[in-house]
Amino acid sequence: MRMGAVYTAFFLFVFALPFETGVFAQEQGEPAEMQIKASVKAAPKKARVTSPKKAGARPPSQRSGGVLAKHLEMAVLVDAQSRSLEAQFRATSARYATANSITPGSPYVEGLQRNSVAGNLRNYNETEVEVGMPLWLPGQRDAYAGTVTTGLFEVEERLALRRLEVAGVLRDAWWTAQRAAREVSVARNRVATARDIGADMTRRVELGDAAQTDALLAENETLAAETELAQSEGAVKVARATYAGLTGGAQPDGKLESVRPPIDIEEHPALRAPVAALARARAQAELVDATPIPSPEIGIFGRQEHNDQYATDRSLDLLDPITNQRTDATTVGVRIRFPLPTAGRNEPRRAEALAEMDRATAEYERAKLVVVAEIKAAHASLAAAQRAAKLANSRLTVANEQFELSRKAFKLGEISAFDLYRVRQIQLEAQRMQANAEINVGVAISRLNQAQGYAP
């Protein structure tokens, strides 16, 4: 075999690798991407591999519509952590290319050219070309595909958990804006009532039915009410701007949500994420067990060598029997590199994989305790808020009736202006308490839904 045959065999091997992979996909009648997913190990029971856009979606029975669902979609689109997780999803998906490859690493090409510069060999020339690749160990490819599948599952669950976290921030910002809006409503009512009483007080002073101190008391109350209104209007603008910043421009208008029915606690995103992390850690441990050594390598090489040397030919002239002859040889062979396992390499990797499993297990157990406690606390908070709202409504009814009777008594001269404003302060306190109690009920509903893991 001459040097040309060696080069021909090398190029045929190089071009056959991609061609073989493409033909296999075409023979199955599927695109290359589908062939990748079809060739890897089957996903675990819960390892649903979907696109990152669908990763945060919950089962249909858990979905809730309304303004929160639309605003949450907008908030997730501008959330940096969510976008980072989506990028991580795509990066992890790209590892399927390795799982579908016939080799765990890159094929290699080696070449050697050697010439003699001194010694007994004259014009010695050696040329060697080698092509080879690393090999999958038994079970290593399936174990690697398992790490890819479980890795995607973990990112998917982390996306769902992040979506729930964004929903919690959005709910808090919503009710902050709603509370500020109710305070504006109470402040405006206070200003209107103060101006009405102030106009009546001024008229009574002009008629001589009241002292100037009563007019000053009315003016003081009006200024206090206008100051409170200005402050509350500023607070509501800040709250709405904060909410718009979270959602990318949406405003906290409309109805938020109602109490959702309880779900299986194991479906809570805060528990699904550590379960997915545990599955990924277990798959990594299986890969460590399936990879006790670095990938062995196999290569095919061809070598061509020649040199000039003197030879004695007795058939020639006896006076000059030495002639110059050329020798050459062509060799084809197989070279194998097989590393040996050592405890120094394997034990740290195995210990790290087991430690990751222990960490994921501990995280799950801790998260379950926290979720159960939060759900219980949210139920208790909602019940307390509902009872307080009923009492606040009753108190406001009494305060309103008391204030109306006091105004009539003041007009009849039965009580002083100071007594009237003292009753008015009681009514204002009842109004604020009723507004806060109503907002607290909504906050408690949102916190209960948040504790149960609902993110529409």
Polar side-chain atom of D79 near backbone of S82 as donor-acceptor pair, under 3.5 Å: yes
Strictly distance-based, threshold 3.5 Å: is any side-chain N or O of E86 a donor or acceptor partner for the main-chain N or O of L159? no
Under the side chain to side chain contact (heavy atoms under 4.5 Å, CB included) criterion, do L112 and F301 qualify, and how do the steps go? CA-CA 11 Å; L112 180 146; F301 69 91; over 6 Å; no
Any donor-acceptor pair under 3.5 Å linking the side chain of T222 with the backbone of A218? yes
Just by distance, no angles: are the side chains of E257 and Y454 close enough, under 3.5 Å, to form a donor-acceptor pair? no
Drop me the distance from I298's CD1 to I336's CD1, to the nearest 0.5 angstrom. 4.5 Å
Atom pair OH (Y421) and CG (L428), whose distance is rounded to the nearest 0.5 Å: 11.0 Å
On a heavy-atom basis, which atom in L229 and which in S232 lie closest, and how many Å separate them? O-OG, 2.9 Å
Between T150 and T147, what is the shortest heavy-atom contact and its length? OG1-O, 3.3 Å
Under 6.0 Å from the ring centre and within 45 degrees of the ring axis: does the NZ or CZ of R424 meet both conditions for the six-membered ring of F403? yes
Under a plain distance cut-off of 3.5 Å, with no hydrogens placed, do N400 and T397 share a side-chain donor-acceptor pair? no
Look up atom CZ in R141 and atom OG1 in T98, then write down how far apart they are to the nearest 0.5 Å. 10.5 Å
Check: R349 side chain, R345 main-chain N or O, donor-acceptor pair, under 3.5 Å: yes
Can a donor-acceptor pair be found, under 3.5 Å and without considering hydrogens, that links the side chain of N393 to the backbone of Q434? no
Can you check whether L340 reaches I293 side chain to side chain, under 4.5 Å on heavy atoms? no
Taking 4.0 angstrom as the limit, do R162 and E165 come out as a salt bridge? yes
Considering all heavy atoms, the nearest P252-Q178 contact: O-NE2, 2.8 Å
Nearest heavy-atom pair of L161 and A273: which atoms, and what distance? CD2-CB, 4.0 Å
Going by atom types only, do T103 and W136 share a side-chain donor-acceptor pair under 3.5 Å? no
Take E429 and R395 through the test salt bridge (Lys or Arg N to Asp or Glu O under 4.0 Å) and record every step on the way to the result. CA-CA 10 Å; E429 182 182 353; R395 184 194 177 192; 3.6 Å; yes
Do the non-hydrogen side-chain atoms of T213 and F418 ever get within less than 4.5 Å of each other? no
Compute whether any side-chain donor of one residue and acceptor of the other, for R260 and Q452, lie under 3.5 angstrom apart. no
Any side-chain donor near an acceptor of the partner, N440 and R179, under 3.5 Å: yes
So how far is it from L72 CG to T247 OG1, rounded to the nearest 0.5 Å? 10.5 Å
If you apply the rule side chain to side chain contact (heavy atoms under 4.5 Å, CB included), what do you find for Q284 with E352, and how did you get there? CA-CA 10 Å; Q284 184 63 33; E352 183 178 354; over 6 Å; no
For a quick test of reading the model, state the closest non-hydrogen atom pair linking S295 to P134 and the distance between them. CB-CB, 3.9 Å
Residues 215-234 vs salt bridge (charged side-chain N to carboxylate O under 4.0 Å, His left out), sequence neighbours excluded, gives R188-E233, R190-E221, R190-E228, R195-E226, E228-R432
Rounded to the nearest 0.5 Å, how far apart are CE of M133 and OG of S106? 12.0 Å
Quick one: do Q251 and Y243 satisfy side chain to side chain contact (heavy atoms under 4.5 Å, CB included)? Show the steps, please. CA-CA 7 Å; Q251 293 296 329; Y243 189 88; 5.6 Å; no
Measure from the side-chain N and O atoms of R280 to the backbone N and O of F153, and report whether any donor-acceptor pair falls under 3.5 Å. no
Please lay out, stage by stage, how E374 and R447 fare under the test salt bridge (Lys or Arg N to Asp or Glu O under 4.0 Å). CA-CA 9 Å; E374 287 180 347; R447 287 180 178 174; over 6 Å; no
Do we get R95 above Y144's six-membered ring, with its NZ or CZ under 6.0 Å from the centre and within 45° of the axis? yes
What do the steps show when you test R272 against E156 for salt bridge (Lys or Arg N to Asp or Glu O under 4.0 Å), and what is the final call? CA-CA 10 Å; R272 282 158 39 197; E156 179 183 282; over 6 Å; no
Short side-chain to backbone donor-acceptor contact, Q450 and G168, under 3.5 Å: yes
Would you find a donor on one side and an acceptor on the other, under 3.5 Å apart, between the side chain of R163 and the backbone of P456? yes
Heavy atoms, side chains only, cut-off 4.5 Å: are Q140 and L287 in contact? yes
Quick one: are S93 and L152 in side-chain contact, heavy atoms under 4.5 Å? yes
Are R359 and Y364 in a cation-pi contact, defined as NZ or CZ under 6.0 Å from the six-membered ring centre and within 45° of the axis? no
Can you give me the closest heavy-atom contact between E266 and L271, atom names plus distance? CA-CD1, 4.3 Å
Side-chain heavy atoms of L278 within contact of T361, under 4.5 Å: yes
Looking at R204 and D214, is there a salt bridge between them, counting it only when a charged N and a carboxylate O are closer than 4.0 Å? no
Given side chain to side chain contact (heavy atoms under 4.5 Å, CB included), test R350 with D289 step by step and report yes or no. CA-CA 8 Å; R350 184 174 293 108; D289 292 338; 3.4 Å; yes
Under the 3.5 angstrom rule, does the side chain of S101 hit a backbone N or O of A97 as a donor-acceptor pair? no
Would you say L256 and S446 make side-chain contact, with heavy atoms under 4.5 Å? yes
Under-4.0 Å salt bridge between R335 and E297: no
Is there a side-chain contact between K368 and H268, using heavy atoms and a 4.5 Å cut-off? no
So do Q402 and Q427 actually touch side chain to side chain, heavy atoms under 4.5 Å? no
Is it true that D196 and R407 make a salt bridge, defined as a side-chain N closer than 4.0 Å to a carboxylate O? yes
Can you tell me how far CZ of R90 sits from CG of L85, rounded to the nearest 0.5 angstrom? 11.0 Å
